[in-house]
Amino acid sequence: MTRLNGKTAVITGGATGIGLASAKRFIAEGAFVFIYGRRQAALDAAVAELGPNARAVKGSVSNEVDLDRLYAAVKAERGSLDIVFANAGAGSPLPLGQITAEHIDEAFDTNVKGTIFTVQKALPLMGPGGSIILTGSSAGTTGAPGFTAYSASKAAVRNLARSWAEDLKGTGIRVNVLSPGATATELAKQALGEAGQKAYGAMTPLQRMADPAEIAAVAAFLASPDSSFMTASEVAVDGGLAQL
Amino acid sequence: MKKLAGKIAVITGGSSGIGLATAKRFVAEGAHVVMTGRREKELNEAAALIRDNVTTVVGDVARLDDLDRLYTVVKEKHGHIDILFANAGAGTIAPLAAATEAHFDQTFDVNVKGLFFTVQKALPLFRDGGSIILTSSVSNVMGLPGFSAYAASKAAVRNFARAWTLELKDRKIRVNSMSPRTDRDPRFGDDDGPHS
C-alpha cells in the first residue's frame with residue numbers, strides 16, 4: 001500500500017506505543033516520518049527499528065523551543081510537511097479531594113497546550129492536502145474514578161478539532177480526532193498488569209484491548225486521501241468501549 | 001489494495017450514490033458484491049459500470065419477501081456473507097405541520113424497519129468475524145426544518161449499532177454506523193440512497 005507515498009509526517013509521542021505503531025504503518029505506506037519524544041534511548045531504539053525513512057528529534061511538546069527545533073529539522077530535510085499526528089499524551093489518576101495544581105498541569109500542559117502548539121507551529125510548513133490527527137481518548141466522553149484531569153483534557157482535545165476545522169477553512173488542511181480505548185501498549189501492559197488488562201478487555205464489547213497496530217491503521221486512514229471528506233470528526237477506535 | 005480479497009459483500013441501495021461508489025471500491029479491493037435496489041434499470045446500469053464480481057437482485061428493503069429473495073440468491077451463489085452494508089435509505093422533506101402519514105411511514109419503513117430486517121435476515125448467512133455497516137446520517141444528531149422524520153429515523157439507525165454490537169459480540173461480528181453528509185448527491189429526496 002502506498003497511500004502516503006512521498007508524504008512527510010510528524011508524530012509526537014512517536015517512540016513507543018500508538019505513536020511508534022503509527023510510524024511503522026505510515027512508513028509502510030510510503031511516508032517519511034519524524035518521531036518526537038522525550039527519551040533519547042527510546043527514540044534511538046525506535047529509529048533503529050523504523051529504518052532509513054525515519055528521523056528522531058528529542059523534545060517535549062510542552063516546551064516551545066523544543067517544538068521549534070522539531071519543525072526546523074523537518075524544514076531543513078524535507079522543506080514541507082503533510083501530516084501531523086499530535087499524539088503525545090500524559091496523565092495519572094487522582095480522585096477528587098486529592099487533586100493538586102501540579103496534577104492538573106501534568107495533563108493539560110501535555111495534552112491540551114502541547115497539542116495546540118504542536119499544531120500551530122506546524123502550520124507554516126503545511127498546505128492543501130494536509131492532515132492533522134489529534135489523539136483523543138474514550139475517556140473524553142466517559143467518566144472514570146480518578147480521571148478528572150485526564151478526561152477533561154481529552155474532551156478539550158476533541159473540541160480543538162471543531163474550532164480548527166473553521167480556522168483552517170480554505171487551506172485544504174483537514175483536522176480530525178482519533179480516540180482510542182484501552183490499548184495494549186507496552187506502557188499500559190506494565191501499568192495494568194495481567195488482571196488490569198483482563199478487566200479492560202471485559203469492559204470492551206470486542207472483549208479485549210486493542211493492539212497498537214489497530215489504532216495505527218485508522219491513523220493511516222485519517223492521514224491519507226481515503227478520508228478526504230472528513231474534518232472536525234472524532235473517530236472512536238475503542239472496541240465499542242465508549243459507544244454504547 | 002486487496003484488503004477485501006475473497007470477501008462476499010451485500011450492499012442495499014446499490015444503484016447510485018454512496019451504495020454504487022462503495023460497490024465499486026469493494027470490488028476494486030477484491031470483494032464480490034451482491035447489490036440490491038428497487039429500480040431494475042438503474043441497478044443493471046450500475047452493475048454494468050462495475051462489470052466483474054457483481055450480482056444484482058432487484059428488491060425493496062421495506063418488503064420482507066424481497067429481502068428473503070435477496071438472501072436466497074446470496075446463499076445459492078456464495079453460501080455466506082462477510083460484509084453487509086445496509087445503506088438503502090429514503091426520505092422526503094416535510095415540515096411537521098404539513099407532513100402526512102405516508103411521508104412518515106415511507107421514511108421509517110425503509111430507514112428503520114427495512115434496515116432492521118436487512119440485518120436480521122442476513123445473520124444466518126453471516127460468517128463469524130464479519131462486519132456490518134449501517135448508513136446513518138449527520139442529521140442523526142442535528143435538527144433541520146422539514147427533516148424531523150428523516151433525522152429521527154437516522155438516530156434510530158445509529159442506536160441499532162449500540163444494541164447489535166452487544167448482541168453480536170460473541171460471534172465477533174462488528175457493527176458500526178457511518179454518518180455521511182451527502183449534499184453532493186444530486187438526487188436528493190429520491191430513494192435507494194442516503195440523503196441528509
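Please read all numbers here as calculations on a predicted model, not as lab measurements. Here is how names work: the chains are called A, B, and so on, in the same order as the sequence lines, proteins then strands, and each is numbered from 1.
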Let me confirm one number: the CG-CG distance from B/Leu166 to A/Leu244, rounded to the nearest 0.5 Å. 4.5 Å
Is any side-chain heavy atom of A/Asp226 less than 4.5 Å from a side-chain heavy atom of B/Arg25? yes
Is atom CZ of B/Phe160 surrounded by more than 12 heavy atoms (other residues, nucleotides or ligands) closer than 6.0 Å? yes
More than 12 heavy atoms of other residues, nucleotides or ligands under 6.0 Å from NZ of B/Lys121: yes or no? yes
Assess the residue pair B/Arg174 and A/Leu206 against the criterion (side chain to side chain contact (heavy atoms under 4.5 Å, CB included)); give the C-alpha distance rounded to whole Å, side-chain angles, the decisive distance to 0.1 Å, and a yes or no. CA-CA 8 Å; B/Arg174 298 180 296 113; A/Leu206 290 182; 3.9 Å; yes
May I ask you to check whether over 12 heavy atoms, not counting those of B/Arg63, lie within 6.0 Å of atom CZ? no
Part of A/Gln207 lying under 4.5 Å from any heavy atom of chain B: side chain
Surrounding CG of B/Leu49 (heavy atoms of other residues, nucleotides or ligands, distance under 6.0 Å), is the total greater than 12? yes
Supply the atom-to-atom distance B/Lys172 NZ to A/Arg208 CZ, rounded to the nearest 0.5 angstrom. 7.5 Å
Note: B/Lys3 and A/Arg3 closest approach over all heavy atoms is NZ-NH1, 4.2 Å
